[in-house]
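Down below is the structure, laid out as structure tokens.
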Amino acid sequence: MEVNRDEAERCIDIAAVALTNQQPEKAQRFLEKAQRLFPTEKARVLLDFIAKNGFTPGQNDQSDFSGVSGPRQRQSTTEDTQPEEKPSDINKAYTADQLEAVKRIKQCKDFYEILGVQKDASEDELKRSYRKLALKFHPDKNHAPGATEAFKAIGNAYAVLSNANKRRQYDQYGEERRHPSGHSHDTGNFEPDISPEDLFNMFFGGGYPSSECNSSVFSCHAHQMQYLGGLALFVQVMPILVLVIVSALSQIMVNSPSYSLSFRPSAGYSHKRLTENLKVPYYVGEQFFKEFTGVNLKNLERTVEDDYISNLRNNCWKEKQQKEGMLYRARYFGDTDLYQRAQRARTPSCAKLSEITASLHG
């Protein structure tokens, strides 16, 4: 199913980030999930890479897809990185409004109440509510007791409700089995696929502004922009690095596929072709013309176009998230230059996807 394919691609992206951060356990967990949702060569290659480099799960670790029934239990040694309330935070100042807001989150009975939306809320409404609450309750800004747990509850609520399948299951069973504000450790079948901190970073492109900035607004602002700029550059370069690594591993460890969607000729794929329907460029090897003719060629080109459109969807989503993150940072810091750059930021994958969609319905 297309929904499963998109979800699998998202899991692979998260796994790739985890690998660059030296988190093989987390990467393996998301890659295994991706294979269960929609098996791909990319995920299999990365799993083989982790296995051949000597990573083996601990005896007490449990995969997300173990055969054990009931709620999943994660070991503390492999738990996703999440913000923790440090002892030093206890002495930090907080307002009565912040404390009251934390109490309100803890008293919520379901995910919709946590986010402050109706049960028929749209995806945009969920997103707007999450952005507002995540900034308000992030532990680096809100030092009230219980703010970290409230922040986690907000992230978990959005992670579940923004996933169509999990939201449907939650609407059917969730209210009977779930205490979302953290009073119960029984997460039922509604455990999110991403940690609250990873979700926050995905939305805002990095950590929350440091509290050390209070002493010098202008110097801190410049430091933040430099940090965010470096992070944005890393986010842009990382997919290319992952693609290069996966391509190299694919050639070494698995049988070569029949075609390549790279932008230029590569080893074993020197002949450029265009699909008959959408004119999608792809490269093939010497034996291609002997192996693919007639119906086989049409079926293969349909697969090429499906993969190309899937890649465009994923890249379009990333481009939109990056642009929205820049706009939010610009508004929050009051940075006019950053806001103008965000407004001018292009989303080429989205433009190409719209062009293809128009041609298919034209």
Side-chain angles (χ1 to χ4, degrees), residues 1-53 55 57 61 63-66 72 74 78 80-81 159-160 162-166 191-195 197-203 205 234-257 259-263 266 282 303-322 325 349-350 353:
M1 291 179 61
E2 190 66 28
V3 174
N4 287 348
R5 173 183 290 185
D6 292 343
E7 185 70 14
E9 288 289 343
R10 190 174 72 86
C11 289
I12 293 173
D13 289 341
I14 295 173
V17 175
L19 280 177
T20 62
N21 292 334
Q22 302 297 319
Q23 296 176 307
E25 300 95 336
K26 179 179 177 181
Q28 184 178 34
R29 195 162 61 246
F30 277 97
L31 289 170
E32 288 174 349
K33 179 169 185 178
Q35 287 296 75
R36 291 294 297 270
L37 289 169
F38 192 90
T40 60
E41 198 68 35
K42 186 190 301 184
R44 192 176 76 83
V45 167
L46 289 175
L47 282 170
D48 290 344
F49 174 76
I50 293 174
K52 290 192 176 183
N53 278 270
F55 167 68
D61 292 343
S63 169
D64 285 350
F65 301 99
S66 62
R72 295 180 293 179
R74 293 189 180 180
T78 60
D80 294 343
T81 303
V160 170
S162 62
N163 182 304
N165 290 333
K166 287 184 178 293
E191 184 176 344
D193 296 325
I194 184 172
S195 72
E197 188 69 14
D198 286 341
L199 179 63
F200 184 89
N201 291 338
M202 184 182 297
F203 263 81
F234 172 74
V235 171
Q236 292 174 357
V237 173
M238 184 182 64
I240 300 176
L241 295 177
V242 172
L243 181 62
V244 171
I245 293 173
V246 171
S247 298
L249 290 174
S250 298
Q251 294 179 13
I252 296 173
M253 300 166 57
V254 302
N255 294 329
S256 299
Y259 62 89
S260 170
L261 283 173
S262 66
F263 299 109
S266 57
Y282 66 104
T303 301
V304 171
E305 291 175 348
D306 288 344
D307 287 346
Y308 180 71
I309 292 174
S310 178
N311 290 340
L312 283 180
R313 285 199 183 105
N314 291 327
N315 291 334
C316 175
W317 183 84
K318 294 174 185 175
E319 291 167 0
K320 286 182 176 179
Q321 288 297 110
Q322 184 177 356
S349 297
C350 298
L353 185 62

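Numbers for residues simply follow the sequence, beginning at 1.
Nearest heavy atoms, L31 versus A15: CG-CB, 3.6 Å. Annotation for C11 and L37: closest pair SG-CD1, 4.3 Å, computed over non-hydrogen atoms. The two residues S266 and S260 have their closest heavy-atom pair at OG-OG, 4.2 Å. Closest of all the heavy-atom pairs between Y259 and T303 is OH-CG2, 3.6 Å.
Atoms CD and NZ, from E9 and K318 in turn, are 8.0 Å apart once rounded to the nearest 0.5 Å. Expressed to the nearest 0.5 Å, how far CZ of R10 lies from CZ of F30 amounts to 7.5 Å. Here N314 contributes atom CG and E319 contributes atom CD; the two are 11.0 Å apart, rounded to the nearest 0.5 Å. Taking CZ of R313 as the start and CG of N315 as the end, the distance is 12.5 Å to the nearest 0.5 Å. How far CD1 of I12 is from CD of Q35: 7.0 Å, rounded to the nearest 0.5 Å. Here the CG atom belonging to L46 is positioned 12.5 Å from the CD atom belonging to E32, to the nearest 0.5 angstrom.
The main-chain N or O of A159 is never found under 3.5 Å from a side-chain atom of N163 such that the two would form a donor-acceptor pair.
Taking 4.5 Å as the limit, every side-chain heavy atom of D307 sits out of range of all side-chain heavy atoms of Y282. Between P257 and E41 the shortest side-chain heavy-atom distance does not fall below 4.5 Å.
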